[in-house]
Amino acid sequence: MENSTLEQPAAAIEGAASVDFIRALINEDNRTGRFGGRVHTRFPPEPNGYLHIGHGKSICLNAGIPRDYSGKFNLRFDDTNPVKEEEEYVESIVADVRWLVPEFTDEPLFASDYFEQMYLWAEDLVQKGVAYVDDLSAEEIRQYRGTLTEPGKDSPYRNRSIEENLDLFRRMRAGEFPDGSRVLRAKIDMSSPNLNLRDPVMYRILHASHHRTGDAWCIYPMYDWAHGLEDSIEGITHSICTLEFEDHRPLYDWYLDQLGIYHPQQIEFARLNLTYTVMSKRWLLRLVQRGHVSGWDDPRMPTLAGLRRRGYTPEAIWDFAERIGVAKANSMVDLGLLEYCIREDLNARALRAMAVLRPLRVVIENYPEDQVEEFEIPNHPQRPELGTRRVAFSRTLYIEQEDFMEEPPAKFFRLAPGREVRLMNAYYITCVSVVKDESGAIVELRCTYDPASRGGVTPDGRKVKGTLHWVSAAHAEDAEVRLYDTLFLKENPYDVPEGQEFTANLNPESLQVLTGCKVEASLAAAAPGERFQFMRQGYFCGDVKDSRPGALVFNRTVGLKDTWAKIQQQ
RNA sequence: UGGGGCGUGGCCAAGUGGUAAGGCGACGGACUUUGAAUCCGUUUACCGUAGGUUCGAAUCCUACCGCCCCAGCCA
């Protein structure tokens with residue numbers, strides 16, 4: 001650094017406690033002036049599915065680096081295979097990226113916009129004698145490729161003249177040949193121990209209509225050929241991808257070197273794996289197609305669309321990405337960490353409300369029949385600046401069924417016969433009797449209240465061990481609440497018993513729909529997507545698709561930590 | 001068996017020759033009108049194994065073991 005004559009980017013994070021290995025490489029490149037101090041990354045999805053949390057990690061990496069280095073970020077669609085790609089996917093991907101990276105306001109870029117330039121460069125390689133048209137069938141090419149331990153052998157068409165190759169390649173583009181009849185290949189080394197270098201295919205013939213270029217092309221570039229060119233055209237400095245492309249880097253470099261054009265640095269990192277979740281597009285697609293979920297944005301899905309609908313915030317995902325770090329070791333991150341991140345974010349910002357999910361009627365016998373009081377309750381106990389709201393209280397209320405036990409075990413300190421508890425911000429009540437139906441089920445609690453405990457504190461200062469949330473029966477709004485659990489029962493969903501379908505690991509209780517929930521009146525005005533903490537329960541948000549005034553639907557984003565549940569398990 | 005990677009406490013992850021950060025989790029305790037949050041404390045690191053180099057190694061060398069990726073005209 002002391003020898004560097006280059007100006008360091010103002011925002012460079014030199015000297016920070018520790019940086020990931022990619023930022024360390026960038027720091028080194030800036031030190032040596034390799035890219036003139038420029039930092040330019042890209043996120044290059046193929047529009048063949050929805051983005052998931054694993055892509056989220058990559059987006060946070062690729063968009064986070066420019067944030068740190070005052071660099072640039074491109075969203076570029078790698079749309080080189082028309083038979084797999086769809087417009088719906090490009091729209092969802094743009095929406096997801098903009099959600100996660102609000103400062104990204106550029107228009108997305110498309111590899112398909114570079115097809116002509118790529119073609120010209122391919123002709124260039126033909127002219128240079130390092131690319132040839134091969135007439136072998138797909139099956140023959142596979143056989144000629146050899147195996148992991150045996151070298152391949154040259155195609156009989158490998159030594160055609162440049163003129164013939166050029167003619168054939170041009171006729172490939174012109175549409176003179178059927179699909180699969182010929183390919184353009186790079187002439188590298190059929191005995192390379194790296195199979196990617198055994199004369200890789202650059203172009204295949206595909207008489208397919210592309211979602212953006214229509215029928216303009218009938219030959220389409222392969223990933224390895226296209227990707228480095230895309231990066232080069234855009235002036236990308238650091239082309240970050242996942243580990244499985246490490247073997248492809250020599251090829252990435254070879255193409256750019258043969259062409260003699262601007263050459264970015266490819267860097268590989270380990271993709272994200274999360275317990276209890278699948279990240280492969282193939283499995284996610286199956287879940288959608290077979291109706292195991294309601295769609296790509298089902299709140300149980302690990303897609304960004306699903307997480308967003310579930311109530312996750314972009315901030316929580318960024319925090320998660322920072323906490324898991326970036327490295328080259330394959331790893332399996334505990335789902336609990338993602339949940340920790342959203343809890344932490346929502347704890348700070350979500351307004352509190354009271355909602356009774358499984359109502360149990362409580363009648364306060366000594367409370368006047370027609371009296372209604374309004375309590376002013378803080379929207380966030382730790383943040384008074386967030387204001388208060390008024391909540392009605394009356395003789396007939398609902399509390400949570402699980403907040404009462406007729407025969408409470410030792411550590412249960414909620415309501416029980418003869419026991420006094422606090423109704424949050426309201427009064428102390430004591431259970432005097434239990435009303436049951438013919439089947440013996442508890443249908444109502446009869447209680448008394450202490451008028452002196454108004455607001456939830458008593459003049460004599462006596463303590464109660466339990467504080468319950470509640471809702472006034474006459475003033476409550478009905479709501480549907482959707483509780484979510486993991487989609488799979490196993491930490492590793494791919495661990496399917498021999499001979500069984502992937503459905504064997506599906507969690508039949510991943511969705512629990514609760515109807516007849518009673519929520520405080522203020523929630524009637526909840527905007528779709530608005531997030532709340534239902535006191536003592538968890539974080540919830542109005543469902544963007546299904547919630548309407550008068551027919552409220554809330555999704556549970558994540559439950560609060562539940563020490564009582566843990567005690568019960570012991 | 002060919003090539004490319006990776007192996008640090010339950011899960012992530014710093015560390016790049018000077019004697020093992022941090023986060024999450026777990027377990028205690030304080031506080032508490034959310035059994036939440038907050039605060040305090042504890043937790044098991046013979047750094048995959050075995051040798052070697054060195055005054056000194058997780059860091060360098062050698063061998064071995066384990067895991068992941070590669071034989072698409074997918075990306």
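Below, read A as the first sequence line, B as the second, and so on, with proteins coming before strands; counting in each chain starts at 1.
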Mark yes or no for a side-chain to base donor-acceptor pair under 3.5 Å between A:Gln533 and B:U34, with no hydrogen or angle criteria applied. yes
Pairwise side-chain contact, A:Leu423 with A:Ile399, heavy-atom cut-off 4.5 Å (strictly under): yes
Please report the distance separating the C1' of B:G25 from the corresponding atom of B:G10, rounded so that it comes out in whole Å. 7 Å
Could you list the residues that satisfy salt bridge (charged side-chain N to carboxylate O under 4.0 Å, His left out) with A:Glu88, not counting sequence neighbours? none
For B:U49 versus B:G66, give the span between their C1' atoms, rounded off to a whole number of Å. 10 Å
In this structure, how many angstroms lie between the P atom of B:U34 and the CD atom of A:Glu520, rounded? 16 Å
Can you name the residues that form a side-chain contact (heavy atoms from CB on, under 4.5 Å) with A:Pro156, not counting sequence neighbours? A:Leu136, A:Tyr144
Taking the same atom, P, in B:U1 and in B:C64, what whole-Å distance lies between them? 11 Å
Base, sugar-phosphate or nothing for A:Phe412? Non-hydrogen atoms, less than 4.0 Å. base
Quick one: salt bridge (charged side-chain N to carboxylate O under 4.0 Å, His left out) pairs with a partner in residues 334-348 of chain A, sequence neighbours left out? A:Arg323-A:Glu344, A:Asp345-A:Arg349
Separation between the C1' atoms of B:A21 and B:U8, rounded to whole Å: 12 Å
Using whole Å, what does the distance between atom C1' of nucleotide B:G5 and atom CZ of A:Phe21 come to? 11 Å
When the nearest nucleotide of RNA chain B is assigned to A:Lys57 and to A:Ala329 on a heavy-atom basis, which residue is associated with the more 5' position? A:Ala329
Aromatic ring pairing A:His248/A:Tyr223, orientation class (parallel under 30°, perpendicular over 60°, tilted between): perpendicular
Contact between A:Val97 and A:His55 at the side-chain level, heavy atoms closer than 4.5 Å - yes or no? no
Distance criterion of 3.5 Å, no angle test: do you see the side chain of A:Arg536 paired donor-to-acceptor with the base of B:G35? no
Rounded P spacing from B:C73 to B:A26 in Å: 48 Å
Rounded to whole angstroms, how far apart are CD1 on A:Ile267 and P on B:G5? 15 Å
Classify the ring geometry of A:Phe115 against A:His210: parallel below 30°, tilted from 30° to 60°, perpendicular beyond 60°. perpendicular
In whole Å, what separates the C1' atom of B:G18 from that of B:A63? 27 Å
Quote, to the nearest angstrom, the P distance that separates B:G2 from B:A45. 39 Å
Just the rounded figure in Å: distance from C1' of B:U34 to CG of A:Leu423. 13 Å
A:Pro381 side-chain proximity, nearest of B:U34, B:A21, B:G35: B:U34
Let me know the distance between CE of A:Met332 and P of B:A13, rounded to the nearest Å. 12 Å
Find the distance A:Ile377:CD1 to B:U34:P and express it as a whole number of Å. 13 Å
side-chain contact (heavy atoms from CB on, under 4.5 Å) partners for A:Val133, two or more places apart: A:Asp135, A:Arg160, A:Asn165, A:Leu168, A:Phe169, A:Met172, A:Arg182, A:Leu184
Starting at the 5' end of RNA chain B and moving along, which residue's nearest nucleotide shows up first, A:Ala327 or A:Tyr539? A:Ala327
Think A:Ser18 has a side-chain N or O under 4.0 angstrom from the OP1 or OP2 of B:G15? no
For B:G72, is chi within 90° of 0 (syn) or not (anti)? syn
Going 5' to 3' along nucleotides 22-28 of chain B, which nucleotides have protein heavy atoms under 4.0 Å from the base (write B), which only from the sugar-phosphate (write S), and which from neither (write -)? -SSSSS-
Output all residues satisfying side-chain contact (heavy atoms from CB on, under 4.5 Å) with A:Val464, sequence neighbours left out; order by chain, then residue number. A:Glu420, A:Arg422, A:Tyr428
What pairs with A:Cys241 under side-chain contact (heavy atoms from CB on, under 4.5 Å), at least two apart in sequence or on another chain? A:Phe245, A:Gln266, A:Glu268
Whole-angstrom distance between B:U19 and B:A57, as gauged at atom C1': 9 Å
Expressed as a whole number of angstroms, how long is the span from A:Arg414:CZ to B:A36:C1'? 12 Å
Restricting to salt bridge (charged side-chain N to carboxylate O under 4.0 Å, His left out), what partner residues turn up for A:Arg390, sequence neighbours left out? A:Glu374, A:Glu376
With pairs taken as Watson-Crick or G-U wobble and both distances under 3.5 angstrom, which stems of at least three consecutive pairs involve RNA chain B? B:2-7 with B:65-70, B:10-12 with B:22-24, B:25-30 with B:38-43, B:48-52 with B:60-64
For A:Arg249, answer base if it contacts any base atom (sugar-phosphate contacts may also be present), sugar-phosphate if it contacts only those atoms, and nothing otherwise; contact means non-hydrogen atoms under 4.0 Å. nothing
Positive for salt bridge (Lys or Arg N to Asp or Glu O under 4.0 Å) with A:Asp199, one of A:Lys153, A:Arg158, A:Lys187: A:Arg158
With sequence neighbours excluded, residues passing side chain to side chain donor-acceptor pair (under 3.5 Å) with A:Arg173: A:Glu116
Base-contact (B) and sugar-phosphate-only (S) positions in nucleotides 65-75 of chain B, heavy-atom cut-off under 4.0 Å, - elsewhere: ---SBBBSBSB
Taken in chain and number order and not counting sequence neighbours, the residues that satisfy side chain to side chain donor-acceptor pair (under 3.5 Å) with A:Glu150 are none
Rounded off to whole Å, could you give me the NE2-to-P distance for the A:His380 and B:A36 pair? 15 Å
